[in-house]
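In what follows, a single structure is set out as structure tokens and then discussed.
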Amino acid sequence: MGKLKQLTIYEKMTLALFRGKITRMVTFICLGLWSLTTIYPLFWVVNNSLKPSHQVINDSFSVATNPTLTNYLNAFEQVDIGQSYLNSFIMSGGTVLLTLLVGGLAAYVLARFRFRLRGLLQTVLVASLLIPAFATVVPVFGMLKDLQLLNTYWALIIPHTAGFLPFTILVLSSYMATIPKDLEEAAIMDGCSRFAIFWRIMLPVSRPAFITASIFVFLWSYNDLFSALIFVPQEDVRPINVLLTTVSSQYGTDYGLLAAAVTLTLIPIIVLYSVAQKYVIKGLTSGAVKG
């Protein structure tokens, strides 16, 4: 009976392991199929960017047997995509730097100081995330026009910084709240000022949260077509997402060129997120549980 009972327990354990393997296998298959819905369109665009336009029209789903870089050369020569690249990096990069500077200092204050109306301020930050950008276009346009900032880099940097600050402050303050106060107390005993504590302790320790916030801010600023069309429509300062609308309207039948322009637009996003993916996950989850 003892052996039979032991065998029964062994069988149950074997069955449980088998079910676990089946569950994981089904999960991986479902995730793999779901990932194809994202990977295949990307492959389709890149593949067509390596074909002449007439081949894209005739058979857009075939693999490029004789790949060519002509479409990419035309993208830099005909539509000056290099200048638009530079404009996007200046505006999105400036937005990231300004947002992290202001948001980091504000997050440190919220995470470490107790003052009157602190709770109200946090509520206002959360509520501001619910305000759509479309609702602020008219007053922002009027202010930028009065300040003579339209068709300049600041026309996107300032509105984007103001719009992305609430998210940045909330993410950074949540992470900073998990940092032990013993580090600050030891620094104060050594004579460090509050700014020195922020710069030498809070900033390095909160690096995952800063990287997470910077990635999201960069992507949102980089992909914001609506604001770019309104605030910087001029050709010499237009970002790359506005250039795509120009390519689609002026070269709408040149599908190879259009695919190359889309591919060039996606490259910074894919590279940025691939490199910093682990920081995104760590930055978003570490602030959720204290300790």
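In this chain, numbering begins with 1 at the start of the sequence shown. Worth knowing before you read on, the calculation uses all heavy atoms, side chains too, and leaves out hydrogens, waters and symmetry mates. Quantities reported herein were computed from a predicted structural model and do not represent experimental measurements.
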| message | Pair N87, Y153 - check side-chain hydrogen bond (donor to acceptor under 3.5 Å, both in side chains), show working. | response | CA-CA 8 Å; N87 295 336; Y153 294 141; 2.8 Å; yes

| request: Would you sort out whether T168 and F216 count as a side-chain contact (heavy atoms from CB on, under 4.5 Å), showing the intermediate values? | output: CA-CA 9 Å; T168 304; F216 279 101; over 6 Å; no

So which atom in [X] and which in [Y] form the shortest heavy-atom distance, rounded to 0.1 Å?
X	Y	value
A261	T265	O-OG1, 2.7 Å
A111	S173	CB-O, 3.7 Å
P204	I201	CD-O, 3.3 Å
N47	S60	ND2-O, 4.5 Å
I179	V205	CD1-CG1, 3.7 Å
A106	I169	CB-CD1, 3.8 Å

If you round to the nearest 0.5 Å, how far is [atom2] of [Y] from [atom1] of [X]?
X	Y	atom1	atom2	value
M189	D182	CE	CG	12.5 Å
I230	L150	CD1	CG	10.5 Å
M202	R194	CE	CZ	9.5 Å
T245	I240	OG1	CD1	11.5 Å
L149	I157	CG	CD1	10.5 Å
D190	I197	CG	CD1	9.5 Å

Other residues, nucleotides and ligands only: do more than 12 of their heavy atoms fall within 6.0 Å of [atom1] on [X]?
X	atom1	value
F28	CZ	no
N66	CG	no
Q78	CD	yes

| Check against side-chain hydrogen bond (donor to acceptor under 3.5 Å, both in side chains), D254 and S53 | CA-CA 6 Å; D254 193 345; S53 293; 2.3 Å; yes

Is there a donor-acceptor pair under 3.5 Å between the side chain of [X] and the backbone N or O of [Y]?
X	Y	answer
N71	S49	yes
S206	A209	no
T95	S221	no
S62	D59	yes
T99	V96	no

Could you tell me if the side chain of [Y] sits less than 4.5 Å from the side chain of [X], heavy atoms only?
X	Y	result
T152	V232	no
F113	Y108	yes
L129	L170	yes
F231	V140	yes
N151	P233	yes
R238	Q83	no
I269	N223	yes

Could you see if [X] belongs to whatever hydrophobic cluster contains [Y]? Use Ile, Leu, Val, Met, Phe, Trp, Tyr and a side-chain cutoff under 4.5 Å.
X	Y	value
F218	L225	no
L272	L97	no
I267	L244	no
V126	I131	no
V262	Y222	no

| field | Partner of I215 by side-chain contact (heavy atoms from CB on, under 4.5 Å), out of V217, T212, L219 | value | L219

| request: Could you list who else is in V124's hydrophobic cluster, with ILVMFWY side chains joined at under 4.5 Å, directly or through other members? | output: L117, L120

| Do we see a donor-acceptor contact under 3.5 Å between the side chains of D224 and S227? | yes

| said: Under a 3.5 Å threshold, yes or no: a donor from one side chain and an acceptor from the other, between Y255 and N48? | reply: no

| field | side-chain contact (heavy atoms from CB on, under 4.5 Å) between Q234 and V237, worked out | value | CA-CA 6 Å; Q234 192 169 321; V237 292; 4.0 Å; yes

Should the ring pair [X] and [Y] be called parallel, tilted or perpendicular, given that the plane angle runs from 0 to 90° and is split at 30 and 60?
X	Y	value
F195	W199	parallel
F61	W44	tilted
F167	W220	perpendicular

| said: Under the criterion side-chain contact (heavy atoms from CB on, under 4.5 Å), I'd like the reasoning laid out for L50 against Y72: C-alpha separation, chi angles, the key distance, then a yes or no. | reply: CA-CA 8 Å; L50 301 174; Y72 291 93; 3.8 Å; yes

| Between M91 and H160, does a side-chain contact (heavy atoms from CB on, under 4.5 Å) hold up when you go through it step by step? | CA-CA 9 Å; M91 287 185 265; H160 281 173; over 6 Å; no

| task | Can you sort out the partners of R118 under salt bridge (Lys or Arg N to Asp or Glu O under 4.0 Å), two or more places apart, ordered by chain and number? | result | none

